[in-house]
Amino acid sequence: MSDEIRRNMALFPIGIVMKLTDLTARQIRYYEQHELIVPARTAGNQRLFSLNDVERLLEIKSLIEKGVNIAGIKQVLLPIEKNSDDATVINEQTEVARKELTDSDLHKYLKRQLRTKRPGQVSLIQGELSRFYNK
DNA sequence: GTTCTAACA
DNA sequence: TGTTAGGA
């Protein structure tokens, strides 16, 4: 499986994303309303976020802290193209992986992700998520 | 127990 | 953005 797909697998419910990003559920849902992120949904209508979604949220968070509003962020963060590599995927494989995801697995998973670099986003996620693997 | 949408003392 | 109501 490619890292591209791995990064786009919808794995985390909003609770985990809250801890990962330090954002409130309210904020996360609000950003989704403004299409800054487009998480996948389970059959029960619950949001499932991919690592890419988490990265985008961290970027959004940093921009908000710099005083940028939603309109401004929309100009920085390109819209997610449907059916593109940026679209959050949810399938059987994702389903299985998500159910088996434990907290310790999450840590190992995140550490692994940090080694697969991506231009423009790497420095950010490494800084923001460091509190997890450095503790 | 967790998450969802809608709405505002 | 916070918070709460009422459901799933």
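Note on naming: letters A, B, ... go to the chains in the order of the sequence lines (proteins, then strands), and numbering restarts at 1 for each one. Treat the numbers as computed from the prediction; the structure is a model and nothing was measured.
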Practice prompt. Measure the spacing between CZ of A:Arg26 and CD1 of A:Ile14 and express it to the nearest 0.5 Å.
Written response: 11.5 Å

Worksheet item: When rounded to the nearest 0.5 angstrom, what is the spacing between NZ in A:Lys74 and CD in A:Glu35?
Response: 6.5 Å

Discussion item. Between A:Arg47 and A:Ala40 (side chain of the first, backbone of the second, donor and acceptor by atom type, cut-off under 3.5 Å), is there such a pair?
Written reply: no

Worksheet entry | Test side chain to side chain contact (heavy atoms under 4.5 Å, CB included) applied to A:Ile64 - qualifying residues, sequence neighbours left out | A:Tyr31, A:Ile60, A:Ile73

Item to complete: Please report the shortest heavy-atom distance between A:Pro13 and A:Phe49, naming the atom on each side.
Response: C-CD1, 4.2 Å

Worksheet item: Going 5' to 3' along DNA chain C, which nucleotides are the first and last within contact of chain A (any atom under 4.0 Å from a heavy atom)?
Response: C:dT1 to C:dT3

Worksheet item: Tell me, what's DNA chain C's dot-bracket, Watson-Crick or G-U with both distances under 3.5 Å, | for other-strand, [ ] crossing?
Response: .|||||.|

Worksheet item: Can you tell me how far the CD atom of A:Glu59 sits from the CG atom of A:Leu63, to the nearest 0.5 Å?
Response: 7.0 Å

Worksheet item: Is the side chain of A:Lys61 donor-acceptor paired with the backbone N or O of A:Asp22 at a distance under 3.5 Å, no angle test?
Response: no

Discussion item. Base, sugar-phosphate or nothing for A:Gly44? Non-hydrogen atoms, less than 4.0 Å.
Written reply: nothing

Fill in: 5' priority, DNA chain C, between A:Gln46 and A:Tyr31 [closest heavy atom]
A:Tyr31

Worksheet item: At what distance, to the nearest 0.5 angstrom, does CG of A:Leu20 lie from CD of A:Glu55?
Response: 10.5 Å

Could you write out each protein N or O paired with an N or O of nucleotides 5-9 of chain B at a distance under 3.5 Å?
residue	atom	partner	partner atom	Å
B:dT5	OP1	A:Arg41	NH1	3.1
B:dT5	OP1	A:Arg41	NH2	3.0
B:dT5	OP2	A:Arg47	NH2	2.2

Worksheet item: Which whole-number value in Å describes the distance from A:Ile28 CD1 to B:dC4 P?
Response: 9 Å

Worksheet item: Can you name the side-chain hydrogen bond (donor to acceptor under 3.5 Å, both in side chains) partners of A:Asn45, sequence neighbours left out?
Response: A:Arg41

Practice prompt. Indicate the atoms forming the closest heavy-atom contact of A:Asp53 with A:Leu48, along with that distance.
Written response: OD2-O, 4.2 Å

